[in-house]
J.: 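Following this message is one structure expressed as C-alpha coordinates.
As the structure is a computational prediction, the values presented were derived from the model and not from experiment.
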Amino acid sequence: MSPTKPPVSDGLLDVTAVLTRTAERLADRFTGVFSAETVERYVFESHAALHRTARVKQHLPALTDHFATERLTALAQAKGLMPKPVPEVLFVCVQNAGRSQMAATLLAHHGQGRVHVRSAGSQPAAELENEVVTVLGELGLDLSAAFPKPLTDDVVRAADVVITMGCGDACPVFPGKRYLDWDVPDPDGKTVEEVRAIRDTIAERVTGLLADITTAPADS
(Lines give C-alpha, C1' and ligand atoms only; values in the text may rest on other atoms or scores of the structure.)
Protein backbone atom coordinates (compact mmCIF):
# COMPACT_ATOMS: atom_id res chain seq x y z
CA MET A 1 0.00 0.00 0.00
CA SER A 2 1.37 3.41 -0.91
CA PRO A 3 2.04 5.80 2.00
CA THR A 4 -0.18 8.80 2.55
CA LYS A 5 1.32 11.66 0.57
CA PRO A 6 1.68 15.12 2.11
CA PRO A 7 -1.33 17.34 1.39
CA VAL A 8 0.68 20.20 -0.05
CA SER A 9 4.06 21.02 -1.49
CA ASP A 10 5.37 23.50 1.07
CA GLY A 11 6.58 26.48 -0.93
CA LEU A 12 9.30 25.65 -3.43
CA LEU A 13 10.34 22.52 -1.60
CA ASP A 14 9.54 19.18 -3.17
CA VAL A 15 8.22 17.64 0.03
CA THR A 16 7.59 14.19 -1.38
CA ALA A 17 11.16 13.86 -2.63
CA VAL A 18 12.57 15.07 0.69
CA LEU A 19 10.40 12.71 2.70
CA THR A 20 11.28 9.82 0.43
CA ARG A 21 14.98 10.48 1.02
CA THR A 22 14.32 10.68 4.76
CA ALA A 23 12.52 7.35 4.62
CA GLU A 24 15.38 5.75 2.71
CA ARG A 25 17.93 6.96 5.26
CA LEU A 26 15.83 5.81 8.20
CA ALA A 27 15.22 2.46 6.50
CA ASP A 28 18.99 1.96 6.49
CA ARG A 29 19.16 2.96 10.15
CA PHE A 30 16.40 0.51 11.10
CA THR A 31 17.58 -2.32 8.86
CA GLY A 32 16.70 -5.64 10.45
CA VAL A 33 14.13 -3.96 12.69
CA PHE A 34 11.46 -2.65 10.29
CA SER A 35 10.80 -3.04 6.60
CA ALA A 36 11.40 -0.12 4.26
CA GLU A 37 7.64 0.06 3.68
CA THR A 38 6.94 0.45 7.40
CA VAL A 39 9.55 3.17 7.74
CA GLU A 40 8.19 5.03 4.72
CA ARG A 41 4.65 4.86 6.08
CA TYR A 42 5.78 6.25 9.44
CA VAL A 43 7.63 9.11 7.78
CA PHE A 44 4.69 10.21 5.64
CA GLU A 45 2.17 9.74 8.47
CA SER A 46 4.37 11.74 10.81
CA HIS A 47 4.59 14.57 8.29
CA ALA A 48 0.81 14.58 7.83
CA ALA A 49 0.26 14.70 11.61
CA LEU A 50 2.62 17.64 12.07
CA HIS A 51 1.29 19.44 9.00
CA ARG A 52 -2.20 19.67 10.50
CA THR A 53 -1.14 22.10 13.24
CA ALA A 54 2.02 23.77 11.90
CA ARG A 55 1.80 27.48 11.13
CA VAL A 56 5.18 27.63 9.40
CA LYS A 57 5.67 24.78 6.95
CA GLN A 58 9.27 25.32 5.87
CA HIS A 59 10.78 23.41 8.81
CA LEU A 60 8.38 20.49 8.62
CA PRO A 61 10.72 18.07 6.80
CA ALA A 62 13.35 18.41 9.54
CA LEU A 63 10.75 18.10 12.29
CA THR A 64 9.27 15.09 10.51
CA ASP A 65 12.69 13.41 10.50
CA HIS A 66 12.97 13.85 14.27
CA PHE A 67 9.36 12.85 14.99
CA ALA A 68 9.44 9.75 12.77
CA THR A 69 12.76 8.66 14.29
CA GLU A 70 11.34 8.97 17.80
CA ARG A 71 8.20 7.04 16.85
CA LEU A 72 10.12 4.25 15.15
CA THR A 73 12.52 3.98 18.08
CA ALA A 74 9.59 3.84 20.50
CA LEU A 75 7.85 1.19 18.42
CA ALA A 76 11.00 -0.91 18.30
CA GLN A 77 11.44 -0.61 22.06
CA ALA A 78 7.82 -1.51 22.71
CA LYS A 79 8.21 -4.63 20.57
CA GLY A 80 11.46 -5.59 22.29
CA LEU A 81 13.44 -5.10 19.09
CA MET A 82 15.66 -2.37 20.56
CA PRO A 83 16.98 -2.09 24.11
CA LYS A 84 15.83 0.42 26.71
CA PRO A 85 19.02 1.10 28.69
CA VAL A 86 17.30 3.58 31.03
CA PRO A 87 13.69 4.14 32.16
CA GLU A 88 11.42 5.79 29.58
CA VAL A 89 9.19 8.63 30.81
CA LEU A 90 6.40 10.21 28.77
CA PHE A 91 4.75 13.52 29.71
CA VAL A 92 1.36 14.25 28.17
CA CYS A 93 -0.75 17.42 28.27
CA VAL A 94 -3.31 18.84 25.87
CA GLN A 95 -1.22 21.13 23.66
CA ASN A 96 2.33 19.89 24.38
CA ALA A 97 3.25 23.56 24.42
CA GLY A 98 3.61 24.23 28.13
CA ARG A 99 3.47 21.85 31.08
CA SER A 100 4.63 18.67 29.37
CA GLN A 101 7.44 20.51 27.58
CA MET A 102 8.66 22.05 30.84
CA ALA A 103 8.50 18.72 32.65
CA ALA A 104 10.30 16.85 29.89
CA THR A 105 13.04 19.46 29.61
CA LEU A 106 13.60 19.64 33.36
CA LEU A 107 13.66 15.86 33.80
CA ALA A 108 16.09 15.39 30.90
CA HIS A 109 18.30 18.13 32.34
CA HIS A 110 18.38 16.77 35.89
CA GLY A 111 18.43 13.16 34.76
CA GLN A 112 21.79 13.56 33.01
CA GLY A 113 21.27 10.43 30.91
CA ARG A 114 19.74 8.33 33.70
CA VAL A 115 16.30 8.52 32.05
CA HIS A 116 15.01 9.05 28.53
CA VAL A 117 12.16 11.52 28.21
CA ARG A 118 9.46 12.13 25.61
CA SER A 119 6.46 14.47 25.58
CA ALA A 120 3.30 14.73 23.49
CA GLY A 121 -0.09 16.42 23.33
CA SER A 122 -3.61 15.11 22.83
CA GLN A 123 -4.35 18.26 20.78
CA PRO A 124 -0.91 19.73 19.97
CA ALA A 125 -0.53 23.44 19.45
CA ALA A 126 1.29 25.06 16.54
CA GLU A 127 4.22 26.21 18.69
CA LEU A 128 5.53 26.42 22.24
CA GLU A 129 4.25 29.15 24.53
CA ASN A 130 6.65 32.11 24.65
CA GLU A 131 6.51 32.37 28.44
CA VAL A 132 7.53 28.73 28.77
CA VAL A 133 10.54 29.28 26.55
CA THR A 134 11.42 32.38 28.59
CA VAL A 135 11.28 30.81 32.06
CA LEU A 136 13.26 27.75 31.01
CA GLY A 137 15.77 30.02 29.29
CA GLU A 138 16.30 31.67 32.68
CA LEU A 139 17.73 28.33 33.81
CA GLY A 140 19.93 28.05 30.75
CA LEU A 141 17.67 25.46 29.12
CA ASP A 142 17.29 25.86 25.37
CA LEU A 143 13.99 24.86 23.76
CA SER A 144 14.89 25.98 20.25
CA ALA A 145 14.72 22.40 18.97
CA ALA A 146 11.51 21.51 20.83
CA PHE A 147 8.11 21.45 19.12
CA PRO A 148 4.59 20.24 19.97
CA LYS A 149 4.00 16.63 18.91
CA PRO A 150 0.79 14.60 18.67
CA LEU A 151 0.28 11.73 21.07
CA THR A 152 0.74 8.34 19.38
CA ASP A 153 0.30 4.81 20.69
CA ASP A 154 3.91 3.88 19.96
CA VAL A 155 5.40 6.36 22.44
CA VAL A 156 2.89 5.30 25.11
CA ARG A 157 3.71 1.62 24.58
CA ALA A 158 7.45 2.34 24.91
CA ALA A 159 7.10 4.29 28.16
CA ASP A 160 7.69 2.84 31.61
CA VAL A 161 6.12 5.86 33.32
CA VAL A 162 3.34 7.97 31.77
CA ILE A 163 2.57 11.29 33.45
CA THR A 164 -0.58 13.11 32.41
CA MET A 165 -0.91 16.83 33.03
CA GLY A 166 -4.47 17.87 32.29
CA CYS A 167 -5.22 15.73 29.23
CA GLY A 168 -8.04 13.83 30.93
CA ASP A 169 -8.94 10.52 29.33
CA ALA A 170 -7.15 11.26 26.05
CA CYS A 171 -4.08 9.21 26.96
CA PRO A 172 -4.42 5.53 26.02
CA VAL A 173 -3.93 3.07 28.87
CA PHE A 174 -1.79 -0.02 28.36
CA PRO A 175 -0.96 -2.69 30.94
CA GLY A 176 2.47 -2.73 32.52
CA LYS A 177 2.82 1.04 32.64
CA ARG A 178 3.00 3.26 35.67
CA TYR A 179 0.52 6.12 35.32
CA LEU A 180 0.70 9.34 37.32
CA ASP A 181 -1.37 12.50 37.06
CA TRP A 182 0.18 15.81 38.01
CA ASP A 183 -2.41 18.48 38.79
CA VAL A 184 -0.41 21.50 37.63
CA PRO A 185 -1.94 24.78 36.38
CA ASP A 186 -1.96 25.38 32.63
CA PRO A 187 0.54 28.16 31.77
CA ASP A 188 -1.49 29.22 28.74
CA GLY A 189 -2.49 32.87 29.14
CA LYS A 190 -0.46 33.31 32.33
CA THR A 191 2.12 36.02 33.00
CA VAL A 192 5.82 35.24 33.07
CA GLU A 193 5.76 35.45 36.87
CA GLU A 194 2.91 32.94 37.05
CA VAL A 195 4.61 30.59 34.58
CA ARG A 196 7.81 30.84 36.60
CA ALA A 197 5.89 29.60 39.65
CA ILE A 198 4.46 26.72 37.59
CA ARG A 199 7.98 25.88 36.42
CA ASP A 200 9.22 25.70 40.00
CA THR A 201 6.31 23.45 41.01
CA ILE A 202 7.07 21.10 38.13
CA ALA A 203 10.78 21.16 39.01
CA GLU A 204 10.00 19.94 42.55
CA ARG A 205 7.88 17.10 41.19
CA VAL A 206 10.57 16.20 38.66
CA THR A 207 13.19 15.96 41.39
CA GLY A 208 11.02 13.57 43.36
CA LEU A 209 10.21 11.50 40.30
CA LEU A 210 13.85 11.21 39.32
CA ALA A 211 14.83 9.99 42.77
CA ASP A 212 12.02 7.44 42.65
CA ILE A 213 12.59 5.94 39.22
CA THR A 214 16.38 5.82 39.43
CA THR A 215 16.41 3.95 42.75
CA ALA A 216 13.65 1.40 42.00
CA PRO A 217 12.35 -0.50 38.97
CA ALA A 218 10.07 1.70 36.84
CA ASP A 219 7.22 -0.80 37.02
CA SER A 220 7.38 -1.45 40.73
J.: Please tell me if the side chains of T22 and H47 come closer than 4.5 Å, counting only heavy atoms from C-beta onward.
T.: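 When only atoms from C-beta onward are counted, H47 and T22 do not touch, as no gap falls below 4.5 Å.
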J.: Using 0.5 Å steps for rounding, measure from the CD atom of E45 to the CZ atom of F67.
T.: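 It comes to 10.0 Å.
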J.: With distance as the sole test, does E131 use its side chain to make a donor-acceptor pair with the main-chain N or O of V192 at under 3.5 Å?
T.: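 Answer holds: no.
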J.: When hydrophobic residues are tied together by side-chain contacts of less than 4.5 Å, even through go-betweens, does L72 share a cluster with M82?
T.: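 In one cluster: yes.
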J.: For V184, is there any backbone N or O sitting under 3.5 Å from a side-chain donor or acceptor partner on R99?
T.: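 Pair found, side chain donor or acceptor close to backbone of V184.
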J.: Measure across A120 and P150 and return the closest heavy-atom pair with its distance rounded to 0.1 Å.
T.: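 A120 and P150 have their closest heavy atoms at CB-O, 3.9 Å.
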J.: Report yes or no: does K149 contribute a side-chain atom to a donor-acceptor pair with the main-chain N or O of P124 at less than 3.5 Å?
T.: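 Side chain of K149 to backbone of P124, a donor-acceptor pair under 3.5 Å: no, none is there.
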J.: Drop me the distance from T134's OG1 to N130's CG, to the nearest 0.5 angstrom.
T.: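 Answer for the OG1-CG pair, T134 versus N130, is 6.5 Å.
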J.: Indicate yes or no: does D160 engage R178 in a salt bridge with an N to O separation below 4.0 Å.
T.: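 Answer for the salt bridge query: no.
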J.: Testing the basics here: between A97 and A125, what is the closest heavy-atom pair and its distance to 0.1 Å?
T.: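 Minimum heavy-atom contact is CB-CB, 4.0 Å.
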J.: Between CG of L90 and OG1 of T152, what distance do you get to the nearest 0.5 Å?
T.: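 If I round to the nearest 0.5 Å, the distance is 8.5 Å.
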J.: In Å and rounded to the nearest 0.5 Å, what is the CG to OH distance from L75 to Y42?
T.: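 OH of Y42 is found 4.0 Å from CG of L75.
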J.: Under the 3.5 angstrom rule, does the side chain of R205 hit a backbone N or O of I202 as a donor-acceptor pair?
T.: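 No, because the side chain of R205 does not come within donor-acceptor range (under 3.5 Å) of the backbone of I202.
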J.: With rounding to the nearest 0.5 Å, note down the distance linking CZ in F91 to CG in L151.
T.: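 F91 atom CZ to L151 atom CG measures 14.0 Å (nearest 0.5 Å).
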J.: Any side-chain heavy-atom pair from V115 and L209 closer than 4.5 angstrom?
T.: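 Result no, sub-4.5 Å side-chain heavy-atom pair not found.
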J.: Apply side-chain contact (heavy atoms from CB on, under 4.5 Å) to the pair L139 and L106, showing each step before the final yes or no.
T.: CA-CA 10 Å; L139 302 180; L106 288 165; 4.0 Å; yes
J.: Identify the heavy atoms of L60 and A54 that sit nearest to each other, and give their distance.
T.: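 Smallest interatomic distance, heavy atoms only, reads CD2-CB, 3.9 Å.
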J.: Between D188 and Q95, what is the shortest heavy-atom contact and its length?
T.: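 So the minimum-distance heavy-atom pair works out to OD2-OE1, 4.2 Å.
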J.: For D183, I'd like to know if atom CG has over 12 heavy atoms of other residues, nucleotides or ligands within 6.0 Å.
T.: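 At most 12 heavy atoms, drawn from other residues, nucleotides or ligands, come within 6.0 Å of this atom.
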J.: Is there a donor-acceptor pair closer than 3.5 Å between any side-chain N or O of T105 and the backbone N or O of M102?
T.: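 Not confirmed, T105 side chain does not pair with M102 backbone.
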J.: Starting from the C-alpha separation in whole Å, work towards a yes-or-no answer on side-chain contact (heavy atoms from CB on, under 4.5 Å) for T64 and F44.
T.: CA-CA 8 Å; T64 297; F44 278 89; over 6 Å; no
J.: Under a 4.5 Å cut-off applied to non-hydrogen side-chain atoms, are V94 and S122 in contact?
T.: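 Yes, side chains in contact.
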J.: Over all heavy atoms of both residues, which pair between A23 and V39 is shortest? Give the atoms and the distance, please.
T.: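 Minimum heavy-atom contact is O-CG1, 3.5 Å.
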J.: Indicate if V86 and L81 have the same hydrophobic cluster label, given that clusters are the connected sets of ILVMFWY residues with side-chain heavy-atom separations under 4.5 angstrom.
T.: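 Cluster IDs for V86 and L81 differ.
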J.: Whether R199 and E138 form a salt bridge (side-chain N of Lys/Arg under 4.0 Å from carboxylate O of Asp/Glu) is what I want to check.
T.: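 Answer for the salt bridge query: yes.
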J.: Which one of D153, D65, D154 satisfies the salt bridge (Lys or Arg N to Asp or Glu O under 4.0 Å) criterion with R71?
T.: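 Running salt bridge (Lys or Arg N to Asp or Glu O under 4.0 Å) over D153, D65, D154 with R71 returns exactly one hit, D154.
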J.: Tell me, do E70 and V155 make a side-chain contact under 4.5 Å, heavy atoms counted?
T.: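 They are not in contact (no side-chain heavy atoms under 4.5 Å apart), so the answer is no.
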J.: Using every non-hydrogen atom in the two residues, find where P83 and Q77 come nearest and quote the distance to one decimal.
T.: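 So the two residues come closest at O-NE2, 3.6 Å.
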J.: How about H66 and F147: are their ring centres within less than 6.0 Å of each other?
T.: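 Between F147 and H66, which both carry aromatic rings, the centre distance is below 6.0 Å.
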J.: Under a 4.5 Å cut-off applied to non-hydrogen side-chain atoms, are S100 and T164 in contact?
T.: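 Heavy-atom side-chain distance check fails, nothing below 4.5 Å.
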J.: For a 4.5 angstrom cut-off between non-hydrogen side-chain atoms, does L136 reach H109?
T.: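 They are not in contact (no side-chain heavy atoms under 4.5 Å apart), so the answer is no.
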J.: Working to the nearest 0.5 Å, report the span between OG1 of T31 and CG of L26.
T.: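 Between atom OG1 of T31 and atom CG of L26 there are 10.5 Å.
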J.: Between R157, H116, K177, which is the residue that forms a side-chain hydrogen bond (donor to acceptor under 3.5 Å, both in side chains) with E88?
T.: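 That would be H116.
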J.: So with a 6.0 Å cut-off around CD of E194, is the heavy-atom count from everything else above 12?
T.: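 Buried by this count: over 12 neighbours within 6.0 Å.
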